[in-house]
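So the structure is just underneath, and the comments pick up after that.
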Amino acid sequence: MCDRTLRAYGGGPRIPAMSYVSLTPTRGEVPRDTLVRWLNEYLNVGAFKDPSLNGLQIEGTGTVRRVAVAVDSSLKTIQHAADSGADLLITHHGLFWGDPLALSGPHRERVRTALMADLNLYVSHIPLDAHPVVGNNAMIAQALTLQNTEPFGEWAGGKIGIAGELPFEQSLQDFADRVQKLTGEICLVHGGGRSPTVRRLGVLSGSGAGSIAEAAAMGLDTLLTGEPEHKHFHDAFEYGVNVIYAGHYETEVFGVRALAARLEDEFGLAWQFLHHPTGL
């Protein structure tokens with residue numbers, strides 16, 4: 001079985017790009033360095049071996065009154081943040097991934113746009129996937145009411161995903177429909193499991209197809225992740241694991257929004273989610 005469900009749902013957390021998630025007026029202002037220190041500590045950015053340069057990637061204004069969050073640091077996203085009056089843009093995917101990049105072409109334009117707007121860019125990649133409270137996987141597991149959770153999804157010697165049990169067994173199709181309602185996107189379903197039902201689930205946002213074997217070893221019947229990879233296509237059927245691909249982008253909108261809501265609670269900062277989906 002390899003089924004791409006043809007129904008799309010509009011009831012999930014699909015937030016228009018220009019709408020504010022929080023309309024709370026700014027109750028004050030926070031020094032940038034104070035906010036960056038808090039983020040570094042809260043997200044435990046030094047605990048993960050990560051190709052991303054986590055933390056403050058571009059330094060802008062010294063005072064933060066308004067925050068924008070997004071999944072990607074594209075030129076469109078950076079310009080959108082600047083146009084919206086944000087002082088700080090927080091993204092999951094940043095501009096620097098371990099290798100030195102010349103400031104030319106599109107990379108130059110992204111950096112230049114942020115600098116011209118005096119916009120701070122803060123990035124949290126693996127730390128935001130793995131965070132136990134506001135992480136992508138924690139938020140998905142919470143939305144799906146997973147119980148008896150445990151670490152799952154090995155990354156550089158650690159675990160960044162979550163495995164657990166649904167409160168009741170569901171058919172694979174019903175569960176895929178539920179995921180589609182959560183994300184608002186069509187899911188790709190590979191029914192490789194030995195049973196066409198879902199009860200024990202692994203959640204690994206983004207590029208988690210490489211964890212099919214780990215899911216099988218843990219006795220999970222289903223893996224929920226973001227995007228498929230051809231080299232792992234046969235794994236689902238040979239290891240006997242159902243896999244639901246819900247989109248790399250759509251499985252990674254949860255963390256930045258939850259982090260922004262945490263900043264509002266902690267500092268009273270108004271925030272905006274910039275929705276620029278990739279369809280991948």
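Bear in mind that the values here come from a model prediction, so they are computed numbers and not experimental data.
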Flag yes if [X] and [Y] sit in one hydrophobic cluster, no otherwise; membership is Ile, Leu, Val, Met, Phe, Trp, Tyr, and two members link when side-chain heavy atoms are under 4.5 Å apart.
{"X": "Leu75", "Y": "Leu115", "value": "no"}
{"X": "Leu56", "Y": "Leu101", "value": "no"}
{"X": "Phe267", "Y": "Leu43", "value": "yes"}
{"X": "Leu103", "Y": "Leu121", "value": "yes"}

**Request:** Apply side chain to side chain contact (heavy atoms under 4.5 Å, CB included) to Val134 and Leu128, showing your working.
**Result:** CA-CA 7 Å; Val134 300; Leu128 193 56; 4.2 Å; yes
**Item:** Residues Val198, Leu166; criterion side chain to side chain contact (heavy atoms under 4.5 Å, CB included); working and verdict
**Value:** CA-CA 8 Å; Val198 181; Leu166 295 173; 3.7 Å; yes
Using atom types as modelled and distance alone, determine if a side-chain donor or acceptor of [X] lies under 3.5 Å from a backbone N or O of [Y].
{"X": "Arg178", "Y": "Leu144", "value": "yes"}
{"X": "Arg32", "Y": "Glu59", "value": "no"}
{"X": "Arg200", "Y": "Gly219", "value": "yes"}
{"X": "Ser211", "Y": "Glu214", "value": "no"}
{"X": "Tyr239", "Y": "Ala217", "value": "no"}
{"X": "Thr251", "Y": "Gly206", "value": "yes"}

Can you tell me how far [atom2] of [Y] sits from [atom1] of [X], rounded to the nearest 0.5 angstrom?
{"X": "Ile212", "Y": "Thr225", "atom1": "CD1", "atom2": "OG1", "result": "8.5 Å"}
{"X": "Phe254", "Y": "Leu182", "atom1": "CZ", "atom2": "CG", "result": "4.0 Å"}
{"X": "Arg112", "Y": "Glu109", "atom1": "CZ", "atom2": "CD", "result": "5.5 Å"}
{"X": "Arg66", "Y": "Leu89", "atom1": "CZ", "atom2": "CG", "result": "14.0 Å"}
{"X": "Ser124", "Y": "Asn136", "atom1": "OG", "atom2": "CG", "result": "9.0 Å"}
{"X": "Ile244", "Y": "Gln180", "atom1": "CD1", "atom2": "CD", "result": "9.0 Å"}

Which pair of non-hydrogen atoms, one from [X] and one from [Y], has the smallest distance, and what is that distance?
{"X": "Ser195", "Y": "Asn242", "result": "O-ND2, 3.3 Å"}
{"X": "Ala81", "Y": "Leu119", "result": "CB-CD2, 4.0 Å"}
{"X": "Thr77", "Y": "Ala70", "result": "CG2-CB, 3.4 Å"}
{"X": "Ala86", "Y": "Ala68", "result": "CB-CB, 3.8 Å"}
{"X": "Gly60", "Y": "Asn120", "result": "N-OD1, 2.6 Å"}
{"X": "Gly164", "Y": "Leu146", "result": "N-CD1, 4.1 Å"}

**Item:** Given Leu220, Ile162, Val203, the one that forms side chain to side chain contact (heavy atoms under 4.5 Å, CB included) with Phe152
**Value:**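 The side chain to side chain contact (heavy atoms under 4.5 Å, CB included) with Phe152 is passed solely by Leu220 among Leu220, Ile162, Val203.
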**Prompt:** So which of Leu95, Ile78, Asp118, Thr113 actually passes side chain to side chain contact (heavy atoms under 4.5 Å, CB included) with Ile58?
**Reply:** Leu95
**Prompt:** Can you list every pair that meets ring-ring contact (aromatic ring centres under 6.0 Å, His included) and has a residue in residues 100-148, with sequence neighbours left out?
**Reply:** Tyr42-His131, His92-His125, His93-His125, Phe96-His107, Trp97-His125
**Message:** Within the 3.5 Å criterion, strictly below it, is a donor on Thr63 or Glu29 matched to an acceptor on the partner's side chain?
**Reply:** no
Between [Y] and [X], is there a side-chain heavy-atom distance shorter than 4.5 Å?
{"X": "Asp221", "Y": "Leu172", "answer": "no"}
{"X": "Trp271", "Y": "Ile90", "answer": "no"}
{"X": "Leu274", "Y": "Thr91", "answer": "no"}
{"X": "Tyr245", "Y": "Glu229", "answer": "no"}
{"X": "Asp50", "Y": "Pro127", "answer": "yes"}
{"X": "Val64", "Y": "Leu269", "answer": "yes"}

**Message:** Assess the residue pair Thr145 and Gln147 against the criterion (side chain to side chain contact (heavy atoms under 4.5 Å, CB included)); give the C-alpha distance rounded to whole Å, side-chain angles, the decisive distance to 0.1 Å, and a yes or no.
**Reply:** CA-CA 6 Å; Thr145 61; Gln147 303 170 347; 5.9 Å; no
**Message:** The test is side chain to side chain contact (heavy atoms under 4.5 Å, CB included); show your working for Phe48 and Asn54 and say whether it passes.
**Reply:** CA-CA 10 Å; Phe48 300 91; Asn54 292 306; 5.6 Å; no
**Message:** Using a strict threshold of under 4.0 Å (side-chain N to carboxylate O), is an ion pair present between Arg199 and Glu169?
**Reply:**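 Arg199 and Glu169: not salt-bridged.
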**Prompt:** For Met218, does the CE atom have more than 12 heavy-atom neighbours from other residues, nucleotides or ligands under 6.0 Å away?
**Reply:** yes
**Request:** Begin from the C-alpha positions of Asp87 and Thr61 and carry the test side chain to side chain donor-acceptor pair (under 3.5 Å) through to its verdict.
**Result:** CA-CA 7 Å; Asp87 305 300; Thr61 180; 5.1 Å; no
